[in-house]
Each structure stands twice: as structure tokens, then as C-alpha cells.
Amino acid sequence: MFPSVNAGALFSKERVPGILSGAGQPITSELYNVNLAISSWELDLFGRIRSLEDQALQQFFATEEARRSVQISLVAEVASNYLTLAADKELLKIAHDTFASQQTSYNLIKRRFEAGASSELDLCQAQTSVDSARVDIARFTSQVAQDENALALVVGSPVPADFLPSGLSEITALKELTAGLPSEVLQRRPDIMQAEHLLQAANANIGAARAAFFPSITLTTSIGLSSDQLSGLFKGGAGTWSFIPQITLPIFDAGRNRANLKVTEVDREIFLARYEKAIQSAFREVADSFAQRGTLGDQLEAQQSLTDANAASYRLSQARYEKGIASYLNVLDSQRSLYSAQQGLITVRLSRLTNLVTVYKVLGGGV
């Protein structure tokens, strides 16, 4: 929008042989020159430059929104990896507790078998439970290590041990959403705002394409001092100036300007469609996350009740076996059901917390 003013200084020295000098003698000439100049400044009479400025500004805003989108996605990914690590650590703890419990039961049954109070079948079934728990310990230990590596990747460096979770039960920082959120919060989503800025940039580009049909006026000017001696550069009479206005009127361009205008209009329709798609996608993502959130509470309540019931069943079956009323197969089935219910409870809790992270992301960084 503004002219570029440049300062320059020039010194030249030239020798001309006598056969070319016109005086028959060689001539050595010197030239000293300093000046301020404006080169090809276009007068924006028809808004071409202003439209290009608006287009560049909207492109800049779109890039800033893209940066925000990446940042929000990174925050959500870090949180998701953190929660996954916490869940796998809790699963590993349950596997260790189950292994310790089964090892104690195995030792007891082994002594009973040696005393003739238990069958070899009970001993083999107890051994099966111990080995299954050992397999889970190895599997979850490997998974926890992989989760820590994934978290270090998105963070960009190894995470100190003090910052790592020990389980899902210690995570209380996630905030529940209140009901009745207005749909206007979606306007803050960076992908929607990015699409909006790109649409505005396309509109500005149309203005620049239309202005190309009108004349363009450019100004070139300079003012300075010139002398054949350095001592005379700042004396009177050494001033020089030039003023060169130029007007260009498109007469025939074989349809180039018209085609460029058509392209910009089509580009605007493309960006309008992308803007509408961004809004529709945002509503769908929010609706999906809220639909999942609406059932996770019921799932968590039901899973907690199932876990409590299985825990009670395990205690009763263990007591019945110790009194000789039931076989160890009942204890084994109850223990497996309890173990599976505990794992399911952790999975539902993880899904509930992950859903809150997803809601944070789809709402454009929370509310």
C-alpha cells in the first residue's frame, strides 16, 4: 500500500580512448551521485492492491488457526496417551494382585494335595490361574513401556517419573461439562475459523481479479545530487530529479483477465463448500461425542455393580471351597469373572475420561 523509498550512492570512473573521445586525446571521467528514489509505486485507484492485502491478511489468519488446531490436537493426544498409560498401569496392578492371590491359593492347594485333601485336578486348575496371571503381567508390562514411549514422543522428550500416573484413580483434573452449551461455541473451533478466513481470502482475490480490467498507474521518481567531482557534489547546481508516471490500460489479453476472474469465482465456491463441510463435520463430531457421553455414565454404573457382584461371588466360592462344600472349579470361574469385570471397569473408566478429552477437542479447546 505504501511506496518503497530507497537511498543510493554511485561512483563511476571511465576512460575513453582518443579515437572515440572526439578530442583526439584520451579522457578519464568520474561521476559521483547520491539520490532518493521511489520505484514503480502503483496508485491503488481501483482497489487491486487493497484486495491483495486483504487476501494476504486472511491467509495469515488462516495459518494462525491451523497452528491452533495442531496445538489443540497435540494437547488432546498427550492427554489421551496419559490416560491410556494410567489405565494400563492399573491393569498391570490388578494382574499383580491377581497373581499374588492365585499364588497363595496355589500354595494352599498344593499343601492340601500333598496331604490328600485336594485332587490333582484342583492343583492343575490353580496352576493354570497362576500362569494366566503371569502372562497378563508380562503383557501389561510391555504395554506400559510402549505407552510411556508414545507419551514421550508427543511430549518431545522423556517424561519425568514424578509426572507419570500410577493409575486412573488418581486422575481428577478433568472437568465435567455443564448442560445447555450454546452452539455458538463451535465458532471457536480453529478448523471452522480457518475455513472462514480462507473463504474471505477467496472473496478478496475476486476483487483483485476484477481490478485487473481497469487501468493501472505507477509512479517512478528520484531526487538527488550528481557531479563529476566529489568536492562539487554538494555545491549549487548539482541537484537532479526525475518523475516518470506510467499508465497501463489492458486492451487485448486473449481472455486472460476474464479467465483469472472465473477461476477466482470458482475458488470462492470451493472454499464456501469447504466452510459448510467444516461446520457440518463439527456438529457431527460434537453430537457423536455427546451421544457416547450420555451412555458412559450408565455403563460405568452397571460395570461397577457387576464388579461388586463378582467380588462377592468370589469370596463366597472361596469360602465354600475351603469348607469342602464346592470344588475349586467354582472358585476358578468366580476369580476369572471378577478379573474380567475389573478389567472391564477400567476400560469403561478410560472411555469416560477419553470422551472428555474428545469433547475438549471437538469444542475447539474446551469451553
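Position 1 is the first residue of the sequence; numbering continues from there. Atom set for the values below is all heavy atoms of this structure, side chains included, hydrogens, waters and symmetry mates excluded.
Listed here is the closest heavy atom pair of T307 and A341: OG1-O, 3.3 Å. Closest of all the heavy-atom pairs between A278 and I192 is O-CG1, 4.0 Å. Shortest non-hydrogen contact noted between P158 and A152 is CA-CB, 4.1 Å. Scanning both residues, L83 and T354, for their nearest heavy atoms gives CD1-N, 3.9 Å. The minimum heavy-atom distance between R188 and R68, with the atom names listed, is O-NH2, 3.4 Å. Of all heavy-atom pairs between D136 and A95, the closest is CB-CB, 4.1 Å.
In this structure, OG1 in T98 is found 7.0 Å from CD1 in I94, a value given to the nearest 0.5 Å. Here the straight-line distance linking atom CD of Q55 with atom CD of Q200 works out to 12.0 Å at 0.5 Å rounding. Rounded to the nearest 0.5 Å, atoms CD (Q246) and OG1 (T218) are 4.5 Å apart. Distance check: S101 OG to Y339 OH gives 12.0 Å after rounding to the nearest 0.5 Å. In this structure, CG in L306 is found 5.0 Å from CD in Q303, a value given to the nearest 0.5 Å. Atom-to-atom distance recorded for Q335:CD and S340:OG is 10.5 Å, nearest 0.5 angstrom.
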Exercise. After noting the C-alpha distance and the side-chain angles of D288 and R284, does the key distance pass the salt bridge (charged side-chain N to carboxylate O under 4.0 Å, His left out) rule?
Worked result: CA-CA 6 Å; D288 288 346; R284 177 186 175 182; 3.5 Å; yes

For this session: Go through E265 and R210 one step at a time and tell me if the side-chain contact (heavy atoms from CB on, under 4.5 Å) criterion holds.
Result: CA-CA 10 Å; E265 291 174 345; R210 286 175 176 169; 4.0 Å; yes

For this session: Take L31 and S226, measure what side-chain contact (heavy atoms from CB on, under 4.5 Å) needs, and give me the verdict at the end.
Result: CA-CA 7 Å; L31 177 63; S226 182; 3.3 Å; yes

For this session: Go through the steps for V130 and F99 under the test side-chain contact (heavy atoms from CB on, under 4.5 Å), then give the verdict.
Result: CA-CA 6 Å; V130 172; F99 172 75; 3.6 Å; yes

Problem set entry | Verdict with reasoning, R50 to D54, per salt bridge (charged side-chain N to carboxylate O under 4.0 Å, His left out) | CA-CA 6 Å; R50 187 170 298 277; D54 292 341; 5.9 Å; no

Problem set entry | T128/L332 under side-chain contact (heavy atoms from CB on, under 4.5 Å): CA gap, chis, key distance, verdict | CA-CA 9 Å; T128 301; L332 183 61; 5.5 Å; no

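In this structure, F46 and F214 have parallel ring planes: the angle between them is below the 30° cut-off, well short of the 60° mark.
Linking Ile, Leu, Val, Met, Phe, Trp and Tyr whenever their side-chain heavy atoms come within less than 4.5 Å puts W241 and L36 in one cluster. Cluster membership check: F163 shares its hydrophobic cluster with V144, using side-chain heavy-atom separations under 4.5 Å among Ile, Leu, Val, Met, Phe, Trp and Tyr. Hydrophobic clustering (ILVMFWY, side-chain heavy atoms < 4.5 Å, transitive): V357 and V155 are in one cluster. The hydrophobic cluster containing I49 does not contain L249, counting ILVMFWY residues as joined when their side-chain heavy atoms lie under 4.5 angstrom apart, directly or transitively. When hydrophobic clusters are built by joining Ile, Leu, Val, Met, Phe, Trp and Tyr residues whose side-chain heavy atoms come closer than 4.5 Å, directly or via intermediates, L225 is not grouped with I38.
Side chain of S305 to main chain of E301: no donor-acceptor pair is present (N/O by atom type, distance under 3.5 Å, no hydrogens or angles). Looking at T28, its side chain never comes within 3.5 Å of a backbone N or O of R15 through a donor-acceptor pair. Panel note: side chain N355, backbone S351; no donor-acceptor pair is recorded below 3.5 Å. Checked by atom type and distance alone, the side chain of S73 pairs as donor or acceptor with a backbone atom of S69 at under 3.5 Å. Side-chain atoms of T221 come within 3.5 Å of backbone N or O of S242 as a donor-acceptor pair. N107 places a side-chain N or O within 3.5 Å of a backbone atom of Q103 that can act as its donor or acceptor partner. For the pair S80 (side chain) and A76 (backbone), a donor-acceptor distance under 3.5 Å is present.
Here the side chains of R48 and E42 are in contact, with some heavy-atom distance below 4.5 Å. Side-chain contact check for E148 versus K89: some heavy-atom pair is nearer than 4.5 Å. In this structure, the side chains of L345 and L300 come closer than 4.5 Å at one or more pairs of heavy atoms. You'll find the side chain of Q59 reaches within 4.5 Å of the side chain of L198, heavy atoms only. Side-chain contact check for N81 versus L153: every heavy-atom pair is 4.5 Å or farther apart. The shortest side-chain heavy-atom distance between I206 and L261 falls under the 4.5 Å cut-off. Using a 4.5 Å cut-off on side-chain heavy atoms (C-beta onward), T240 and I223 make no contact. Here the side chains of L91 and D88 are in contact, with some heavy-atom distance below 4.5 Å.
Annotation: cation-pi geometry satisfied between R274 and F271 (NZ/CZ under 6.0 angstrom from ring centroid, within 45° of ring axis).
Tested against R189 for a salt bridge (Lys or Arg N to Asp or Glu O under 4.0 Å), the candidates E196, E285, E65 yield a single pass: E285.
Applying the 6.0 Å contact sphere to CD of E120 captures no more than 12 heavy atoms from other residues, nucleotides or ligands. R139 CZ: more than 12 foreign heavy atoms inside a 6.0 Å radius. A 6.0 Å sphere centred on CD of Q127 holds more than 12 heavy atoms belonging to other residues, nucleotides or ligands. Heavy atoms of other residues, nucleotides or ligands lying less than 6.0 angstrom from CZ of R67 number more than 12. The number of heavy atoms from other shown groups lying within 6.0 Å of CZ (F11) is above 12.
Side-chain contact, Q146 with S142: a donor N or O sits under 3.5 Å from an acceptor N or O.
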